[in-house]
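Remarks on the structure that follows.
We number each residue from 1, following the sequence as shown. Bear in mind the structure is a predicted one, so any value in this text is a computation, not a measurement. Basis for what follows: all heavy atoms, side chains included, without hydrogens, waters or symmetry-related copies. In each ligand, atom 1 is the first atom listed, and ligand 1 is the first ligand listed.
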Amino acid sequence: MRNIVTGNWKSNKLWDDAEKLMIDVATGIHESQHTDIFVAPPTPYLAALKAQSTAFVGIAGQQCSAHTEGAFTGEHTASMLKSAGAKAVLIGHSERRGTFGESDAVVEAKVHHALDAGLLAIVCCGENLEERDAGQHFEKVLTQLSHAFQNIDASRMSRVVVAYEPIWAIGTGRTASAAQAQEMHAAIRHHLVGLFDASIAESMRILYGGSCKPSNALEIFMQPDVNGGLIGGASLNASDFLAIVAASNEAATKEQQGG
Ligand code: PEP
């Protein structure tokens, strides 16, 4: 299976820097190898940065509206992202769930809109530190996914990707250990067997996110149930992001060679 590495720029970079970063990333990748690569810039830049995207580096939205088009001032729909050139969209990032109050129901609606629009839906989940310390992390994450996928037809799951992002590791410099990531990813895959079936669960890409950087990416990506990463801070620097993509390709190559 191909890995995915997606850079989430969040609300960072003014236009000149954003364009330079996109050019540096796009010109740094000349072949597809084993990783599908997306960059999720701030929405105002998305259509313009499409011009710098390539067959190997696509553009993604950081979120989409829970509504379709109409009187929703300030919102952008999944179809608009698609028509502006996006191939994928992040849904339910913990900053959207936390700071902007996105409920599980909102996340579910967005997943449907993303799929209706023909986008790859990268659905984020993750527990906070309190929940981890209380031993509630599995319950939290699996419940989030049960809600997000409750009304999705199994035939659409090939367009869905899961991103596990422990909130305590996002932007904190504190990374989940490779063992902690693998443990949760395995639990997510097992849960997907129950929600759908074994063949869908086996074929789904489950990304890790949370202070992933060149120094720890390979170890995390080498875990059997980790299929790439969602990268925040390190995606703001082209050489770091390219090194993480290289780690993903190395991990996938080793996996194909049987370890
Ligand atoms: C993220 O916000 O999706 C993320 C993984 O951020 P960081 O890599 O900075 O922890």
Side-chain angles (χ1 to χ4, degrees), residues 3-13 17-18 21 25 35-43 46 58-64 81 86 88-102 107 110-111 114 119-129 131-132 137 140-141 144-145 148 160-178 180-182 184-185 188 205-221 223 225-248 251:
N3 279 357
I4 294 180
V5 170
T6 297
N8 173 14
W9 294 2
K10 311 191 184 185
S11 289
N12 290 297
K13 303 273 180 200
D17 284 347
L21 178 56
V25 168
T35 306
D36 296 332
I37 303 156
F38 301 105
V39 163
T43 310
L46 195 138
I59 299 285
Q62 294 181 10
Q63 71 109 8
C64 64
L81 289 175
V89 61
L90 307 181
I91 295 176
H93 189 283
S94 60
E95 289 154 16
R96 300 294 319 171
R97 292 181 190 259
T99 311
F100 301 99
E102 285 187 7
V107 170
K110 291 184 177 200
V111 176
L119 293 169
L120 189 72
I122 302 175
V123 180
C124 305
C125 55
E127 81 284 359
N128 64 28
L129 193 54
E131 289 157 344
R132 173 147 294 252
H137 43 301
K140 173 66 183 282
V141 166
Q144 283 179 328
L145 293 178
V160 176
V161 172
V162 173
Y164 169 57
E165 300 203 298
I167 296 170
W168 46 272
I170 293 182
T172 58
R174 181 177 166 189
T175 318
S177 68
Q180 285 173 321
Q182 168 55 26
M184 182 59 85
H185 283 226
I188 290 171
R205 270 90 60 92
I206 307 174
L207 317 184
Y208 170 78
S211 298
C212 197
K213 40 190 182 275
S215 58
N216 60 24
L218 182 61
E219 191 192 359
I220 294 172
F221 295 165
Q223 301 306 307
D225 287 297
V226 178
N227 311 113
L230 180 51
I231 316 300
S235 72
L236 297 174
N237 176 295
S239 64
D240 284 354
F241 187 66
L242 293 174
I244 291 170
V245 169
S248 166

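In this structure, S211 contributes its side chain and I170 its backbone to no donor-acceptor pair below 3.5 Å. A distance-only check finds no donor-acceptor pair linking the side chain of D240 to the backbone of N237 [under 3.5 Å]. Panel note: side chain R132, backbone H137; no donor-acceptor pair is recorded below 3.5 Å. Between the side chain of E102 and the backbone N or O of V107, no donor-acceptor pair lies under 3.5 Å.
Using a 4.0 angstrom heavy-atom cutoff, S94 does not count as in contact with ligand 1. Assignment of A234 to the shell around ligand 1 is not supported, since no heavy atom sits closer than 4.0 Å. Using a non-hydrogen distance threshold of 4.0 Å, K213 does not register as a contact of ligand 1.
Annotation: atom 9 (O) of ligand 1 to nearest protein heavy atom, G233 N, 2.8 Å. Of the protein's non-hydrogen atoms, the one nearest atom 5 (C) of ligand 1 is E165 OE2, 3.0 Å.
In terms of polar-atom proximity, defined here as any N/O pair under 3.5 Å, G232 does make such a contact with ligand 1. Considering backbone and side-chain N/O atoms, H93 comes within less than 3.5 Å of an N/O atom of ligand 1.
Near G171, the atoms of ligand 1 lying under 4.0 angstrom from a non-hydrogen atom of the residue are 7 (P), 9 (O), 10 (O). Less than 4.0 angstrom separates some heavy atom of N8 from each of these atoms of ligand 1: 2 (O), 3 (O). Close approach to G210 involves these atoms of ligand 1, each under 4.0 Å from a residue heavy atom: 5 (C), 10 (O). Close contacts of ligand 1 with G209, meaning ligand atoms under 4.0 Å from a residue heavy atom, involve 5 (C).
Side chains of V123 and V111 form a contact here, defined as non-hydrogen atoms less than 4.5 Å apart.
Note: H185 and Y164 have perpendicular aromatic rings, judged against thresholds of 30 and 60 degrees for the angle between ring planes.
Inspection of the K10 and Q62 side chains reveals no N or O donor paired with an N or O acceptor under 3.5 Å. Side-chain contact of T35 with N3: a donor-acceptor pair under 3.5 Å is absent, judged by distance alone.
Under the side-chain contact (heavy atoms from CB on, under 4.5 Å) criterion, A88 pairs with F38, A60, L120, I122, sequence neighbours left out.
With a 4.0 Å heavy-atom cut-off, ligand 1 is reached by the backbone of A169 but not by any atom from C-beta on. By the criterion of a heavy-atom distance under 4.0 Å, both the backbone and the side chain of L230 are placed next to ligand 1.
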